[in-house]
Number of protein chains: 4
Amino acid sequence: MVASHPAPLSPVGEEDSAKRRQILDGARKVFLDLGFDGASMGEIARAAGVSKGTLYVYFTDKSALFESIVEQEKLEQGKAVFNLDPERDAVTTLGEFGRAYIQLLCRPGGGSAIRTVMAIAERMPDVGKRFYEAVLAHAIRQVATYLDARVAAKELEIKDTELAAAQFMMSCQATLFQPFIFQAKPTPTRAEIDKVVDSAVRMFLAAYRI
Amino acid sequence: MVASHPAPLSPVGEEDSAKRRQILDGARKVFLDLGFDGASMGEIARAAGVSKGTLYVYFTDKSALFESIVEQEKLEQGKAVFNLDPERDAVTTLGEFGRAYIQLLCRPGGGSAIRTVMAIAERMPDVGKRFYEAVLAHAIRQVATYLDARVAAKELEIKDTELAAAQFMMSCQATLFQPFIFQAKPTPTRAEIDKVVDSAVRMFLAAYRI
Amino acid sequence: MVASHPAPLSPVGEEDSAKRRQILDGARKVFLDLGFDGASMGEIARAAGVSKGTLYVYFTDKSALFESIVEQEKLEQGKAVFNLDPERDAVTTLGEFGRAYIQLLCRPGGGSAIRTVMAIAERMPDVGKRFYEAVLAHAIRQVATYLDARVAAKELEIKDTELAAAQFMMSCQATLFQPFIFQAKPTPTRAEIDKVVDSAVRMFLAAYRI
Amino acid sequence: MVASHPAPLSPVGEEDSAKRRQILDGARKVFLDLGFDGASMGEIARAAGVSKGTLYVYFTDKSALFESIVEQEKLEQGKAVFNLDPERDAVTTLGEFGRAYIQLLCRPGGGSAIRTVMAIAERMPDVGKRFYEAVLAHAIRQVATYLDARVAAKELEIKDTELAAAQFMMSCQATLFQPFIFQAKPTPTRAEIDKVVDSAVRMFLAAYRI
DNA sequence: AATGAATGAGCTTTCATTCAT
DNA sequence: TATGAATGAAAGCTCATTCAT
């Protein structure tokens with residue numbers, strides 16, 4: 001009874017109590033698998049191993065829980081670091097980046113955050129916008145910055161590096177991302193990714209290398 | 001009750017009675033605006049101008065109705081004809097095509113079939129797959145066929161025309177489609193589309209023109 | 001099949017379908033017995049002999065159903081006609097009226113609308129106010145009008161007949177209404193009512209008769 | 001767990017520990033403002049500045065807490081002393097009393113114990129009955145006792161002083177208490193109270209003064 | 001004694017579906 | 001065929017209550 005009260009702070013007080021984590025983990029799976037409407041609070045409670053009531057101790061309502069999930073995915077995917085060392089040459093760097101990027105987008109195991117957010121964007125525009133900015137636009141800006149450096153290094157000649165970055169990133173998705181998200185093909189293999197990314201790098205450099 | 005139930009045939013002789021059309025038209029709008037879960041049979045009935053009961057005369061349940069809508073969109077968008085005359089040169093043809101394609105993807109006014117199908121693909125993989133095949137893969141094949149012709153005509157040199165087609169089509173979406181579908185930016189203007197598609201055409205031809 | 005569709009109009013269309021009546025009857029009992037918060041839609045459905053869903057076909061929500069009950073009670077109690085013939089003398093008329101009035105206020109069988117509305121008036125001020133106006137204030141005005149006539153007939157001398165009317169009506173309630181509503185005594189008997197009302201009439205006339 | 005539970009006595013030695021008081025004070029406000037059903041144990045805990053768990057240390061359940069509040073109000077309002085000095089003349093005494101009584105009944109600021117108890121009386125008849133006895137009937141008895149004295153002093157002539165007391169007290173409420181409790185009019189002003197009470201006194205004395 | 005985390009029953013409400021007509 | 005009345009299962013959410021500390 002001495003030091004028995006070391007941590008029992010209020011659940012909401014701590015930004016990241018164990019229970020909160022537990023709920024987020026359960027909710028993540030359910031939301032990403034079933035979408036916002038398809039997921040029920042009951043199922044989330046079951047997945048998280050807590051009672052329905054407990055959900056509402058930590059999150060005001062279903063939307064708040066969902067937005068926390070998106071926020072978390074946003075942070076996690078947004079901080080995916082790519083090796084975009086401005087000194088390195090474009091062939092290697094873009095190739096490496098492309099492979100990492102596609103693997104991020106086409107993560108195996110169902111439940112894609114991108115799909116889930118896209119699906120709800122019409123009804124929760126802010127959620128969609130913030131996710132896009134933090135993840136997709138953020139990645140584009142990183143690549144654009146790298147391209148700026150290579151332009152300065154006289155390896156490339158590009159007017160609009162942000163557009164070019166986006167072009168490259170979209171090219172890398174060719175035949176991979178859409179079939180994946182539409183469930184038309186399984187998660188792309190390493191070999192498929194290599195082939196497509198290599199081709200994208202070739203096309204990109206054929207167009208922009210000095 | 002005597003001979004009034006000739007057989008559990010489709011409600012009317014023709015596969016596409018006026019009522020059926022009416023229902024599909026109403027349902028289309030509601031499903032594309034609100035998604036599968038967001039749409040309610042009541043709202044669909046109202047939009048279609050029929051009673052809720054009638055919905056079940058023509059479609060066994062909500063899923064069947066939804067799949068019919070997707071089927072219809074599939075057929076309609078699948079037959080969106082692009083002028084891919086194999087005789088025409090690549091600059092003009094790809095430019096025109098690219099603009100038309102982006103306008104198809106980024107149609108103003110909410111209700112996007114692509115988003116709606118994408119959203120449900122995890123829970124209805126067949127629906128997603130069939131839609132992808134009939135619309136997106138089909139468009140890729142059309143472009144690939146055109147590219148085959150231009151390769152044969154010695155204008156282009158491409159190993160894998162299907163991959164190249166997809167690359168081009170994805171490049172055209174750069175900075176346009178994703179922000180649009182995530183509600184991060186408004187429907188792209190004509191000028192924006194022109195700029196992006198022109199750049200995609202330039203990049204593509206710089207890489208693949210002989 | 002000829003004249004088989006004579007009446008199946010929309011439930012809400014008819015202001016007073018049988019089902020609607022059935023629901024109101026069930027809801028009346030439950031609301032008046034348990035109050036707004038104490039009554040549950042499930043119990044109301046059971047009392048009305050319909051499913052919970054049906055409740056919402058006829059009434060938008062619990063409040064709307066409650067307000068309909070209050071409205072109904074208002075109309076019913078508001079149109080309780082008292083014989084306030086301006087020609088009749090005050091002793092008889094006020095005595096008769098007083099007895100009828102107390103019997104209205106202290107109706108046997110539990111479930112008092114007055115109590116129920118009073119209880120919710122703080123949270124639904126409009127409901128409270130409208131009920132008061134239509135039932136209590138309306139009765140006061142009727143009596144005041146009668147008193148005006150008796151003043152004109154030189155039987156009484158009263159400055160403020162509305163206040164006098166209210167005084168008389170409150171006097172009639174002495175030792176009857178409050179114990180009744182607080183459940184401190186059972187419904188008053190005829191004899192008790194007679195005694196109290198007679199006394200109120202005597203007091204009133206001793207004060208106001210010319 | 002050894003000797004830490006001396007016995008299931010009341011939480012503390014004194015019947016009215018500071019904590020208990022604190023809870024009662026918080027609960028009073030919430031119950032009187034929102035009624036029994038409208039008040040939640042959470043809100044009560046917040047208002048009292050204790051945890052929800054503590055509520056259950058001092059009171060077995062919500063009903064017990066509520067009944068304690070009513071008990072407390074009963075005691076407090078029951079001991080509201082009115083200057084009913086049997087030596088003083090009726091005009092002054094009844095006038096003073098009437099004003100004080102109406103001010104007690106029509107206290108500004110929502111939270112009326114009378115309304116709250118009345119509201120629940122059907123479901124908690126004992127609570128209602130005890131409150132009526134201790135507050136309303138008690139006040140009537142006080143006035144009746146005063147009237148007895150004035151009858152003995154030959155100022156008044158009254159057969160049933162308890163009935164007369166109640167008559168007077170109800171007359172004082174005319175046009176004031178009911179509109180107030182139904183939220184049909186705001187808290188009566190001092191001037192309004194004066195006017196009504198003066199009139200009630202006049203009527204009463206016109207009828208009962210020798 | 002006091003807490004606050006956790007629960008689960010129960011609430012209001014919605015909605016896909018059925019069925020008599 | 002077409003209807004709309006009716007349903008009941010299940011949703012999101014609240015809250016009185018319990019319990020380990």
Side-chain angles (χ1 to χ4, degrees), chain A residues 1-13 17-19 37 39-45 50-63 65, chain B residues 4-5 11-12 17 19 37 39-45 50-63 65, chain C residues 1 3-13 17-20 37 39-45 50-63 65, chain D residues 1 4-6 10-12 17 19-20 37 39-45 50-63 65:
Chain A
M1 227 179 259
V2 188
S4 64
H5 268 271
L9 296 175
S10 112
V12 192
S17 72
K19 259 284 150 31
D37 290 310
S40 84
M41 292 301 266
E43 189 138 351
I44 289 171
V50 301
S51 75
K52 247 192 297 181
T54 303
L55 260 30
Y56 289 89
V57 172
Y58 291 85
F59 300 91
T60 32
D61 56 18
K62 190 184 182 184
S63 290
L65 176 51
Chain B
S4 64
H5 268 277
V12 280
S17 72
K19 264 272 148 51
D37 291 304
S40 83
M41 292 299 267
E43 190 139 349
I44 289 170
V50 302
S51 75
K52 254 196 286 184
T54 304
L55 261 30
Y56 288 87
V57 172
Y58 290 87
F59 301 91
T60 44
D61 58 17
K62 192 184 181 184
S63 291
L65 176 51
Chain C
M1 226 176 261
S4 64
H5 267 272
L9 297 175
S10 112
V12 193
S17 73
K19 261 279 154 30
R20 195 185 153 91
D37 290 309
S40 84
M41 292 301 266
E43 189 137 352
I44 290 170
V50 302
S51 75
K52 251 193 291 181
T54 303
L55 261 30
Y56 289 88
V57 173
Y58 291 84
F59 300 92
T60 32
D61 56 18
K62 191 185 181 183
S63 290
L65 176 51
Chain D
M1 219 182 263
S4 63
H5 268 277
S10 66
V12 280
S17 73
K19 262 273 149 46
R20 193 184 151 90
D37 291 304
S40 82
M41 292 300 266
E43 190 138 349
I44 290 170
V50 303
S51 75
K52 252 193 291 182
T54 304
L55 261 29
Y56 288 87
V57 172
Y58 290 86
F59 300 92
T60 42
D61 58 16
K62 192 186 182 184
S63 290
L65 175 51

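Being a predicted model, the structure only gives us computed values, none of them experimental. Keep in mind that the numbers below use all heavy atoms, side chains included, and drop hydrogens, waters and symmetry copies.
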Selection from E/dT12, F/dC13, F/dT1 that lies nearest to any side-chain heavy atom of B/Val57: F/dT1
Nearest-nucleotide pick for D/Tyr58, side chain only, options being F/dT7, E/dA2, F/dG12: E/dA2
B/Met41 side chain, from C-beta outward: closest of E/dA16, F/dC13, F/dT17: E/dA16
Rounded distance in Å - CZ (D/Phe59) to P (E/dA1): 14 Å
Sugar-phosphate only, base, or nothing, as touched by C/Thr54 at under 4.0 Å among non-hydrogen atoms: base
Spacing of D/Ile44 atom CD1 relative to F/dT14 atom P, expressed in whole Å: 18 Å
Smallest separation among heavy atoms of B/Tyr58 and B/Lys19, with atom names: OH-CB, 3.3 Å
Integer-rounded Å distance: E/dT12 C1' and C/Asp37 CG: 12 Å
Nucleotide forming a Watson-Crick or wobble pair with E/dA1, both distances under 3.5 Å: none
Watson-Crick or G-U wobble partner of F/dA6, both distances under 3.5 Å: E/dT17
Spacing of A/Lys52 atom NZ relative to F/dA10 atom P, expressed in whole Å: 11 Å
Touch class at under 4.0 angstrom, heavy-atom based, for B/Ala45 against every strand present: nothing
Any A/Lys62 side-chain nitrogen or oxygen under 4.0 Å from OP1 or OP2 of F/dG12: yes
Nearest-nucleotide comparison on DNA chain E, the residue closer to the 5′ end among C/Ser40 and B/Gly42: C/Ser40
Heavy-atom side-chain proximity of C/Leu65 to C/Met41 below 4.5 angstrom: yes
Under-4.0 Å side-chain N/O to phosphate OP1/OP2 contact, A/Tyr56 with F/dC13: yes
Closest-nucleotide 5' rank along DNA chain E - winner of B/Ser63 and A/Leu55: A/Leu55
Selection from E/dT13, F/dT7, F/dA16 that lies nearest to any side-chain heavy atom of C/Ser51: F/dT7
C/Glu43 CD to E/dC11 P, straight-line distance once rounded to whole Å: 8 Å
Any B/Lys19 side-chain N or O less than 4.0 Å from OP1/OP2 of F/dA2: yes
